[in-house]
Structures are given as C-alpha cells and as structure tokens.
Amino acid sequence: MIDQEKIKQGVRLLLEGMGEDITREGLTETPDRIARMYEELYGGMDEDPSIHLHKMFHTDNREMVVEKDITFYSTCEHHMLPFYGKVHIAYIPDGKVVGLSKLARTVEVFARRLQLQEQLTDQIADALMKHMQPKGVMVLVEAEHLCMTMRGIKKPGSRTVTLSRRGVFESDPMLEDRFFRMLER
C-alpha cells in the first residue's frame with residue numbers, strides 16, 4: 001500500500017538534499033504531486049494480475065495466438081528511472097483463450113511496479129502459464145532504459161531485449177521461429 005505521507009516527507013528531504021528551497025513557489029506542491037504520481041505509476045504493486053486472466057472463453061482453435069506491440073512504461077528498481085518499450089506475447093491455447101485486452105492489462109500490472117526488465121518478462125510469462133494454463137507461452141520485451149540514455153554511458157536509442165519461454169515453446173524451436181516470423185509482419 002502506498003503511503004503518501006511518507007512519500008511527501010521523502011521528496012521534501014530529497015529536495016533539501018539537492019540544495020533546493022522547499023518553500024520556493026515552484027516546489028511547494030511538488031511533494032504532493034509526486035505522491036499522487038507514485039500512486040499512479042506504482043499501482044501495480046497492490047494489484048493481482050489474475051483478476052485480468054480469470055475470464056476465459058472456450059475455443060477449438062489450438063493455433064498460436066500473438067498479441068504484439070503492447071506499449072508499456074515501467075521504472076527501473078536500480079536507479080528509479082523509467083524504461084519503456086513493447087511487449088510481444090504468444091500462447092498456444094489448450095481449449096480456452098482470454099480477451100486480448102486482458103493480455104495488455106496483465107502487462108500493465110507488472111509494469112506499474114519497480115522492476116527489472118528480465119523480471120518483468122518472466123512475471124508476465126509465469127502469470128499467463130499459471131492462470132490461463134495454455135500449452136505454452138512466449139514473451140519478448142524490447143525496451144529503452146533512461147538509466148542508459150540520460151546518465152551513465154549515455155547511449156540513446158540502445159534497446160534491451162529479453163525473452164521468456166514456457167511450456168511447448170521451450171521444447172519446439174519451430175514454434176519459436178514461427179513467433180519471430182509473426183513479429184516481422
């Protein structure tokens with residue numbers, strides 16, 4: 001649960017630590033703004049992804065379902081700077097499918113937490129396997145990290161790509177190849 005008062009206190013201390021005058025006109029409401037923003041950005045910490053994956057629909061189709069280019073924004077837990085990009089998801093149904101918007105909502109739950117991209121990728125794959133029980137899942141995440149672009153090495157445009165395979169995607173390289181071909185379309 002987000003404690004807005006603690007966040008406000010922390011922001012005041014941070015501003016003072018930076019040498020700012022917290023009574024300056026432009027900063028007087030900043031602690032409150034940041035506390036409200038954090039409630040929005042990190043609301044996924046208290047949200048259970050299963051709420052988006054519990055409603056399933058019967059299908060006789062056993063072919064790969066791909067939802068690609070799901071935009072996300074998250075925050076790196078190491079530097080508390082944003083990273084953002086696209087998530088691509090594939091799964092092989094085992095008699096049931098989920099509404100496509102539910103995949104994007106699941107991504108959002110995990111993205112709205114302090115994160116590592118590798119962890120985000122695995123969390124999405126694991127949640128889909130657990131709650132949808134498909135034959136297999138594959139998740140590919142491509143992201144740009146501001147800790148790489150605006151500080152440190154300062155290499156804008158560099159992207160990090162992570163991949164998680166579960167179920168039949170782990171044992172069938174042809175499925176993985178098909179997924180990558182579908183992403184190129």
Side-chain angles (χ1 to χ4, degrees), residues 1-4 6-7 10-11 13-14 17-18 33-54 65-91 98 100-134 136-171 173 175-176 179-180 182-183:
M1 189 72 158
I2 301 227
D3 185 333
Q4 288 207 356
K6 282 187 177 181
I7 292 171
V11 171
L13 286 172
L14 180 65
M18 292 168 45
R33 280 190 211 98
I34 298 290
R36 284 183 281 126
M37 177 185 70
Y38 277 12
E39 193 161 45
E40 179 182 345
L41 294 180
Y42 304 120
M45 294 176 67
D46 297 321
E47 193 174 345
D48 180 355
S50 69
I51 63 169
H52 302 296
L53 298 171
H54 75 278
V65 176
V66 176
E67 182 72 15
K68 63 182 187 176
D69 296 328
I70 302 168
T71 301
F72 77 94
Y73 299 90
S74 193
T75 306
C76 168
E77 67 183 35
H78 292 155
H79 298 99
M80 291 187 71
L81 286 172
F83 67 98
Y84 60 94
K86 304 277 186 188
V87 175
H88 314 287
I89 297 171
Y91 71 94
V98 68
L100 296 177
S101 71
K102 304 309 183 192
L103 298 175
R105 290 182 193 283
T106 302
V107 168
E108 194 68 17
V109 168
F110 292 115
R112 291 177 53 218
R113 300 174 178 186
L114 288 175
Q115 271 297 5
L116 297 175
Q117 182 175 331
E118 300 86 347
Q119 179 176 279
L120 172 68
T121 309
D122 285 342
Q123 287 173 337
I124 295 165
D126 291 341
L128 298 179
M129 284 300 289
K130 178 179 179 182
H131 300 292
M132 293 174 55
Q133 300 177 341
V137 168
M138 192 157 171
V139 178
L140 181 110
V141 178
E142 303 174 86
E144 184 168 334
H145 293 249
L146 275 102
C147 58
M148 281 276 294
T149 63
M150 70 180 283
R151 60 156 300 280
I153 193 75
K154 295 182 183 133
K155 296 296 178 202
S158 62
R159 294 181 319 168
T160 302
V161 179
T162 51
L163 181 71
S164 288
R165 297 175 300 143
R166 303 289 186 269
V168 294
F169 283 98
E170 292 177 289
S171 58
L175 281 175
E176 183 175 335
F179 171 67
F180 286 121
M182 290 175 83
L183 291 184

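Heavy atoms only: backbone and side chains are in, while hydrogens, waters and symmetry mates are out.
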Taking all non-hydrogen atoms of both residues into account, name the closest pair between [X] and [Y] and its distance.
{"X": "Ser158", "Y": "Met148", "value": "OG-CE, 3.6 Å"}
{"X": "Arg36", "Y": "Gln4", "value": "CA-NE2, 4.0 Å"}
{"X": "Phe179", "Y": "Ile89", "value": "CE1-C, 4.1 Å"}
{"X": "Arg113", "Y": "Ser74", "value": "O-OG, 3.4 Å"}
{"X": "Gln117", "Y": "Ala143", "value": "OE1-CB, 3.3 Å"}
{"X": "Ser164", "Y": "Thr121", "value": "OG-CG2, 3.3 Å"}

Answer whether the closest heavy-atom distance between the side chains of [X] and [Y] falls below 4.5 Å.
{"X": "Leu103", "Y": "Met132", "result": "yes"}
{"X": "Tyr73", "Y": "Leu41", "result": "no"}
{"X": "Glu176", "Y": "Leu163", "result": "yes"}
{"X": "His88", "Y": "Ile70", "result": "no"}
{"X": "His145", "Y": "Leu81", "result": "no"}
{"X": "Ile124", "Y": "Val137", "result": "no"}
{"X": "Asp122", "Y": "Gln119", "result": "no"}

Going by atom types alone, do Lys86 and Thr71 pair a side-chain donor with an acceptor below 3.5 Å?
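Indeed, the side chains of Lys86 and Thr71 share at least one donor-acceptor pair under 3.5 Å.
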Interatomic spacing from [atom1] in [X] to [atom2] in [Y] - rounded to 0.5 Å:
{"X": "Leu116", "Y": "Thr75", "atom1": "CG", "atom2": "OG1", "answer": "11.5 Å"}
{"X": "Leu146", "Y": "Lys154", "atom1": "CG", "atom2": "NZ", "answer": "13.0 Å"}
{"X": "Thr106", "Y": "Ile51", "atom1": "OG1", "atom2": "CD1", "answer": "9.0 Å"}
{"X": "Asp48", "Y": "His54", "atom1": "CG", "atom2": "NE2", "answer": "10.5 Å"}
{"X": "Leu183", "Y": "Leu140", "atom1": "CG", "atom2": "CG", "answer": "6.5 Å"}
{"X": "Ser171", "Y": "Arg165", "atom1": "OG", "atom2": "CZ", "answer": "9.0 Å"}

Whether [X] side chain and [Y] backbone form a donor-acceptor pair below 3.5 Å:
{"X": "His52", "Y": "Pro49", "answer": "no"}
{"X": "Glu144", "Y": "Thr149", "answer": "no"}
{"X": "Lys130", "Y": "Ser50", "answer": "no"}

Step by step, would you call Val65 with Leu100 a side-chain contact (heavy atoms from CB on, under 4.5 Å)?
CA-CA 9 Å; Val65 176; Leu100 296 177; 4.2 Å; yes
Does a sphere of radius 6.0 Å around [atom1] in [X] hold more than 12 heavy atoms from other residues, nucleotides or ligands, not counting ones at 6.0 Å or beyond?
{"X": "Met182", "atom1": "CE", "result": "yes"}
{"X": "Met150", "atom1": "CE", "result": "no"}
{"X": "Phe180", "atom1": "CZ", "result": "yes"}
{"X": "Arg33", "atom1": "CZ", "result": "yes"}

Apply ring pair (Phe, Tyr, Trp, His ring centres under 6.0 Å) to Phe110 and list each qualifying residue two or more places apart in sequence or on a separate chain.
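Checked Phe110 against ring pair (Phe, Tyr, Trp, His ring centres under 6.0 Å); zero matches.
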Residues at least two apart in sequence or cross-chain that pass ring pair (Phe, Tyr, Trp, His ring centres under 6.0 Å) with Tyr42, listed by chain then number, are Tyr38
Which residues satisfy the salt bridge (Lys or Arg N to Asp or Glu O under 4.0 Å) test with Glu67, sequence neighbours excluded?
none
Asp126: partners by salt bridge (Lys or Arg N to Asp or Glu O under 4.0 Å), with sequence neighbours left out:
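Here the qualifying residues are Arg166.
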What residues, two or more places apart in sequence or in another chain, satisfy side chain to side chain contact (heavy atoms under 4.5 Å, CB included) together with Glu108?
Arg112
Residues passing the side-chain hydrogen bond (donor to acceptor under 3.5 Å, both in side chains) test with Glu170, sequence neighbours excluded, are none
Using the six-membered ring wherever Trp is involved, compare the ring planes of Phe83 and Phe72 and label them parallel, tilted or perpendicular (cut-offs 30° and 60°).
perpendicular
